[in-house]
Amino acid sequence: MAETLTPDICVIGGGSGGLSVAAAAAAFGVPVVLIEKHKMGGDCLNTGCVPSKALLAAARRAALMQNPGAFGVTAQSVTIDFAKVHAHVHDVIAAIAPVDSVERFTGLGVRVIQGEAKFKDRRTVVVGDQFEIRARRFVIAAGSTPALPPIPGLEQGPYLTNENIFDLTERPKQLVVIGAGPIGLELAQAFRRFGSEVTVLEAAQPLAKDDPECAAIVLDQLEREGVVIRSGLKVVRVDHAGGGVKVTVEAPGGEETIEGTHLLVATGRQPATGGLGLEAAGIAYDRTGIVVNKQLKTANRHVYAIGDVAAGQLQFTHAANSHAGLVIRNALFRLPVRVNNDIIPWVTFTEPELAQTGLSEAEARKRGVKIRILRWPYHDNDRAQAERETRGHIKVITTAKGKILGTTIVGSQAGELITAWTLAVAQGLNIRAFTGIVLPYPTLSEIGKRAAIDYFTPSLTSPWVRRIIAWLRIFG
Ligand SMILES: Cc1cc2nc3c(=O)[nH]c(=O)nc-3n(C[C@H](O)[C@H](O)[C@H](O)COP(=O)(O)OP(=O)(O)OC[C@H]3O[C@@H](n4cnc5c(N)ncnc54)[C@H](O)[C@@H]3O)c2cc1C
């Protein structure tokens with residue numbers, strides 16, 4: 001007979017979003033059950049952020065050693081032991097795993113159940129015939145899986161996705177990547193730096209969700225490193241033959257075949273709505289995910305959906321974490337909450353990094369806002385010169401009166417530099433805030449202050465403003 005549990009909160013999915021809800025609820029002394037069917041930590045820890053960033057870190061070391069540039073430091077010879085790269089990636093996962101483990105969460109007071117959750121009715125979730133959970137509130141944090149395009153022949157042979165690429169212990173000789181989004185391009189650069197021949201195929205535009213002017217700098221760098229990026233073509237067929245793969249594409253000049261030893265499919269994510277019994281619970285969903293309102297509540301008011309599985313949300317770990325915070329405030333404290341995608345930043349961790357916060361230029365124009373665009377290049381930054389990291393720039397979007405709407409940074413450490421601008425967007429700061437702060441010299445963050453000073457340039461007819469600008473440029 002099934003054991004019946006009646007917690008205040010039942011969380012489905014032990015990934016980024018689900019773990020945050022469970023940990024916070026337990027910290028407030030609220031009875032909470034967490035159900036995970038596979039690995040604690042979900043995508044981010046096991047097959048997403050963590051292994052991909054660990055792989056990129058190793059690839060960066062390889063690139064630095066192979067191209068010492070003008071530093072005057074040369075390595076005699078560089079060898080890549082890919083089995084050791086694989087071990088490094090899995091060591092990093094293992095180092096973080098205890099934080100997300102069953103043991104830790106049990107210690108926090110969470111009842112962790114390992115198994116597959118399914119709604120039986122609007123108020124009940126079952127796990128096989130072992131558990132029946134009737135909670136006051138449910139939170140679905142079931143994540144997403146790789147979206148596979150309907151390409152003839154694809155499933156007739158082996159292919160890689162984020163779910164198995166980090167298991168490779170040998171470097172692919174020729175890697176064909178379908179999909180030039182952040183995941184495809186991060187992995188393309190990493191494998192190229194390990195010495196693989198890499199071709200990326202994209203039906204539309206690479207990095208289509210990012211500012212095109214800044215994305216172009218990333219694409220240019222990848223091409224300089226030898227990644228072949230082909231966009232605007234349709235993959236019509238995949239043939240698995242002789243241990244390799246042949247990908248036929250429809251290009252402007254006719255059909256072409258691209259050969260490789262390995263194929264990576266990185267064509268986006270699909271919400272993991274299957275098997276949850278959503279119909280039984282009266283929860284609406286479509287192919288974009290579980291339909292939620294601004295409070296992340298589903299059509300069943302006792303159930304929230306957060307993270308990658310929720311329709312219309314940004315699919316990032318920090319987005320799932322922020323959803324968790326909103327759900328806790330709303331479910332436990334009955335506080336009004338509202339999800340706001342405009343204040344969620346994102347970073348593509350290629351080199352150079354590409355970071356976005358708030359509105360991009362295109363988004364601001366689409367909303368009909370009268371904007372100012374402020375830029376400053378890495379080239380004119382002393383630290384960037386010292387580090388020989390002079391490619392890239394900051395691009396700040398403000399209203400005519402200087403309110404900061406958004407920022408894009410492409411260049412070294414962009415993912416770190418975006419933090420201050422995320423705070424500025426979230427707090428509704430004016431660009432003046434950045435002209436007044438004292439920053440340590442020499443740091444890359446000075447590019448932001450320089451861009452801010454640029455805001456006053458059109459007023460140069462006023463002698464006072466001219467004097468202030470001159471003063472800021474000398475002492476700022
Ligand atoms: C290659 C790659 C790189 C990425 N890099 C980054 C990055 O650098 N930064 C970033 O912010 N984001 C990154 N992401 C995205 C990030 O991993 C996801 O946005 C994040 O993991 C979503 O969290 P989640 O809680 O919604 O889902 P997940 O973390 O995927 O967790 C969902 C969990 O639910 C479980 N589950 C599903 N159905 C059931 C069920 N019926 N019963 C019980 N358990 C169930 C699953 O097993 C899984 O463990 C990356 C993703 C990929 C694929």
Side-chain angles (χ1 to χ4, degrees), residues 10-23 33-57 89 97 100 102 112-119 125-128 131 133 138-147 160-166 177 179 181-188 190 264-278 281 283 289-290 292 296 304-311 313-324 327 344-350 353-356 415 418:
C10 172
V11 183
I12 300 173
S16 309
L19 291 177
S20 301
V21 173
V33 166
L34 172 75
I35 310 165
E36 170 53 54
K37 70 173 179 184
H38 189 41
K39 289 185 181 170
M40 293 287 277
D43 238 10
C44 184
L45 174 63
N46 301 294
T47 52
C49 334
V50 172
S52 61
K53 267 76 261 181
L55 193 77
L56 283 163
V89 168
D100 292 353
V102 174
V112 182
I113 296 175
Q114 289 177 290
E116 183 163 6
K118 185 176 180 167
F119 281 92
V125 157
V126 293
V127 181
F131 296 97
I133 299 121
F138 291 91
V139 181
I140 306 175
S144 61
T145 56
L160 299 163
T161 66
N162 70 297
E163 292 183 344
N164 53 3
I165 196 161
F166 303 110
V177 182
I183 295 174
L185 290 183
E186 283 182 8
L187 293 171
L264 167 65
V265 183
T267 44
R269 313 283 306 163
Q270 65 181 20
T273 48
L276 285 164
L278 298 175
I283 296 169
I290 296 177
V292 289
L296 297 165
Y304 296 86
I306 65 170
D308 283 13
V309 80
Q313 307 306 314
L314 294 168
Q315 294 185 314
F316 300 107
T317 282
H318 48 280
N321 291 340
S322 89
H323 294 170
V327 165
I344 295 183
W346 69 80
V347 181
T348 299
F349 292 90
T350 43
E353 290 181 354
L354 176 57
Q356 174 68 44
I418 205 72

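Each ligand, and each atom within it, is numbered from 1 in the order the structure gives.
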Open item on the list: Would G275 count as a contact residue for ligand 1, given that I'm defining contact as a non-hydrogen atom of the residue lying under 4.0 Å from a ligand atom?
Closed with: no

- [ ] Could you list which atoms of ligand 1 come closer than 4.0 Å to a heavy atom of R269?
- [x] 53 (C)

- [ ] Please work out whether any backbone atom (N, CA, C, O) or any side-chain heavy atom from C-beta onward of L19 is under 4.0 Å from ligand 1, and answer side chain, backbone, both or neither.
- [x] neither

Task: atom 2 (C) of ligand 1: the protein heavy-atom neighbour that sits closest, reported with distance to 0.1 Å - done: G48 CA, 3.4 Å

Task: Non-hydrogen atom of A272 closer than 4.0 Å to ligand 1 - done: no

Open item on the list: I need the atoms of ligand 1 closer than 4.0 Å to a non-hydrogen atom of F349, numbered in the order shown.
Closed with: 8 (O)

Open item on the list: Does any N or O of ligand 1 fall below 3.5 Å from an N or O anywhere on E186, backbone included?
Closed with: no

- [ ] Using heavy-atom distances, let me know which of I306, N321, N162 sits nearest atom 53 (C) of ligand 1.
- [x] N162

TODO: Evaluate the side chain to side chain contact (heavy atoms under 4.5 Å, CB included) criterion for residues V125 and V33: first the C-alpha distance (whole Å), next the side-chain angles of each, then the deciding distance (0.1 Å), finally the verdict.
DONE: CA-CA 11 Å; V125 157; V33 166; over 6 Å; no

TODO: Drop me the distance from S20's OG to I306's CD1, to the nearest 0.5 angstrom.
DONE: 7.0 Å

Open item on the list: Considering S20, A141, P146, A142 one by one, which has a heavy atom nearer to atom 38 (N) of ligand 1 than any of the others?
Closed with: A142

TODO: Taking only heavy atoms of L276 into account, list the atoms of ligand 1 that are under 4.0 Å away from them.
DONE: 41 (N)

Task: atom 25 (O) of ligand 1 [closest protein heavy-atom partner, distance rounded to 0.1 Å] - done: G17 N, 2.8 Å

Task: Distance (rounded to the nearest 0.5 Å) between L278 CG and T273 OG1 - done: 6.5 Å

Open item on the list: Would G115 count as a contact residue for ligand 1, given that I'm defining contact as a non-hydrogen atom of the residue lying under 4.0 Å from a ligand atom?
Closed with: yes

Open item on the list: Can you tell me how far apart CD1 (I12) and CZ (F119) are? Round to the nearest 0.5 Å.
Closed with: 4.0 Å

TODO: Consider ligand 1: state whether an atom of it lies below 4.0 angstrom from any non-hydrogen atom of K39.
DONE: yes

Task: Options E116, Q315, K118, ranked by nearest heavy atom to atom 15 (C) of ligand 1, top entry - done: Q315

- [ ] Please confirm whether the backbone N or O of P345 pairs with a side-chain atom of H318, one donor and one acceptor, at under 3.5 Å?
- [x] yes

Task: Distance from atom 34 (O) of ligand 1 to nearest protein heavy atom, with residue and atom - done: G13 CA, 3.2 Å

- [ ] If you have a sec, work out which protein heavy atom is nearest atom 11 (O) of ligand 1 and how many Å separate them, to one decimal?
- [x] T317 N, 2.9 Å

Open item on the list: What protein heavy atom lies closest to atom 14 (N) of ligand 1? Include the residue and the distance to one decimal.
Closed with: C49 SG, 3.7 Å

Task: Those atoms of ligand 1 less than 4.0 Å from some heavy atom in G307 - done: 26 (O)

Open item on the list: Less than 4.5 Å apart, side chain to side chain, heavy atoms only: is that true for I283 and L276?
Closed with: no

Task: Nearest-contact summary for atom 41 (N) of ligand 1 - protein heavy atom, Å - done: A117 O, 3.1 Å

TODO: Working to the nearest 0.5 Å, report the span between CG of L314 and CD1 of I344.
DONE: 5.5 Å

TODO: For ligand 1, note which part of V347 has a heavy atom under 4.0 Å away: side chain, backbone, both or neither.
DONE: neither

- [ ] Please assess E353 against I418 for the test side chain to side chain contact (heavy atoms under 4.5 Å, CB included), listing each intermediate value before the final yes or no.
- [x] CA-CA 11 Å; E353 290 181 354; I418 205 72; over 6 Å; no

Open item on the list: For K53, which part has a heavy atom under 4.0 Å from ligand 1: side chain, backbone, both, or neither?
Closed with: side chain

Open item on the list: Among all the protein's non-hydrogen atoms, which is closest to atom 49 (O) of ligand 1, and how far away is it?
Closed with: E36 OE1, 2.7 Å

Task: Numbering as shown, the atoms of ligand 1 that approach G143 to under 4.0 Å (heavy-atom distance) - done: 26 (O), 27 (O), 30 (O), 32 (C)

Open item on the list: Any heavy atom of M40 closer to ligand 1 than 4.0 angstrom?
Closed with: no

TODO: Compare all side-chain heavy atoms of T161 with those of T47 and state whether any distance is below 4.5 angstrom.
DONE: no

Task: Minimum-distance protein heavy atom relative to atom 26 (O) of ligand 1 - done: D308 N, 2.9 Å

Open item on the list: Quick one, L187 and L264 - any side-chain contact, counting heavy atoms below 4.5 Å?
Closed with: yes

- [ ] Go through ligand 1 atom by atom and flag the ones less than 4.0 Å from a non-hydrogen atom of S52.
- [x] 3 (C)

Open item on the list: Within the supplied structure, the quantity of interest is the number of heavy atoms (other residues, nucleotides, ligands) at a distance under 6.0 Å from H38 NE2; does it exceed 12?
Closed with: no

Open item on the list: Contact between P146 and R269 at the side-chain level, heavy atoms closer than 4.5 Å - yes or no?
Closed with: yes

